[in-house]
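Data block below; observations after.
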Amino acid sequence: MTRDFSGGPGVPAGPGAPVLAVDGLTVVTRAGRRVVDDVSFSVRAGERLGIIGESGSGKSLTALAVAGLLAPGLAAEGSVRLSGTEVIGAPEATLNRVRGSAVSLVFQEPLSALDPLMRVGRQIAGPLRRHRGLRGAALQDAVLGLMREVALPEPDRLARSFPHEMSGGQRQRVAIAMALACDPAVLIADEPTTALDVTVQAEILELLLRVVREHRTALVFVSHDMAVVSEVAERVLVMRTGTVVEEGAVGDVIAAPRHPYTRSLVDSARALDAALGGPPPAAGQDVTAVERR
Ligand SMILES: Nc1ncnc2c1ncn2[C@@H]1O[C@H](COP(=O)(O)OP(=O)(O)OP(=O)(O)O)[C@@H](O)[C@H]1O
């Protein structure tokens, strides 16, 4: 397997080449448990991939391994190439360069990404200063521009707020602004709406879809919810106990799930939809009204 640990630019992704290529990714605990086991997938520029599975299926560890962010005590094997640069085994300097420019993450709990003691404007400025070298008025303009892009109201005033002075939805918008700061090739969103109220969830999903479309950013969307994945992703990877049990176009997987586990996910999403008063589901019908944006 060819690896690029050089910290150099790596193999440039040509047109149509994957911006993220995961090959045989395995994550092993200190106790020797394979919590992610031989996972392979790739994502092209602007493509939206969903990763779905129940709690403990290895979705989050797959996402963290892609960004080289596994906790100490977890070891990754296999290959993860981000815009051509190998992540597995790469030195911290390479990972720091890759994070932000090639990949960014948005997590379930925006507070985890934010410093409670720092005004949000300064936090959004952080990646712009570090990765893009902006200073002074240019930096301030870029911060306010990002805040406007994620539709934060009154950016001038809000930039001076602390995270606890904002709503959960606003905090997630700040986290998305920070993730977008360096225009990453791949945005990983791990259950980004799970901690939010239902109406706010829809707004944040809409925002994510808009920004990845406008920037042609590839999206890896991690969720336990098939209905949400069907709204967001074009392709889905179904994980169970650390392995991929099924992969395909979202519409195909929902219409004709091949693996019994996928079928159970689709059935429970349909049951929930029906219980919430959705239209009577027909066999082969999509779980939700999927408006492809
Ligand atoms: N730091 C760690 N050390 C040891 N085992 C871990 C560690 N982090 C996670 N695990 C285990 O790895 C497995 C996969 O975890 P992971 O967080 O990827 O699941 P998940 O599918 O994202 O679930 P959830 O939706 O609950 O976050 C679980 O069994 C979990 O207990």
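In listed order, ligands and their atoms are each counted from 1.
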Practice item. Determine whether the side chains of His259 and Glu247 contain a donor N or O and an acceptor N or O closer than 3.5 Å. Key: no

Exercise for review: Kindly tell me which protein residues have any non-hydrogen atom under 4.0 angstrom away from an atom of ligand 1, grouped by chain and ordered by number?
Suggested key: Thr29, Arg33, Val35, Glu54, Ser55, Gly56, Ser57, Gly58, Lys59, Ser60, Leu61, Leu74

**Study point:** Polar side chain donor-acceptor pair, His224 to Glu191, under 3.5 angstrom
**Key:** yes

Review point. Would you say the side chain of Ile124 lies within less than 4.5 Å of the side chain of Met147, judging by non-hydrogen atoms?
Key: yes

Review point. Mind checking what makes salt bridge (charged side-chain N to carboxylate O under 4.0 Å, His left out) contact with Arg258, not counting sequence neighbours?
Key: Glu246

Check your understanding: Taking only residues two or more places apart in sequence, or in another chain, which ones meet Asp37 in a salt bridge (charged side-chain N to carboxylate O under 4.0 Å, His left out)?
Key -> Arg34

Check your understanding: Can you name the side-chain contact (heavy atoms from CB on, under 4.5 Å) partners of Leu111, sequence neighbours left out?
Key -> Glu109, Pro163, Arg171

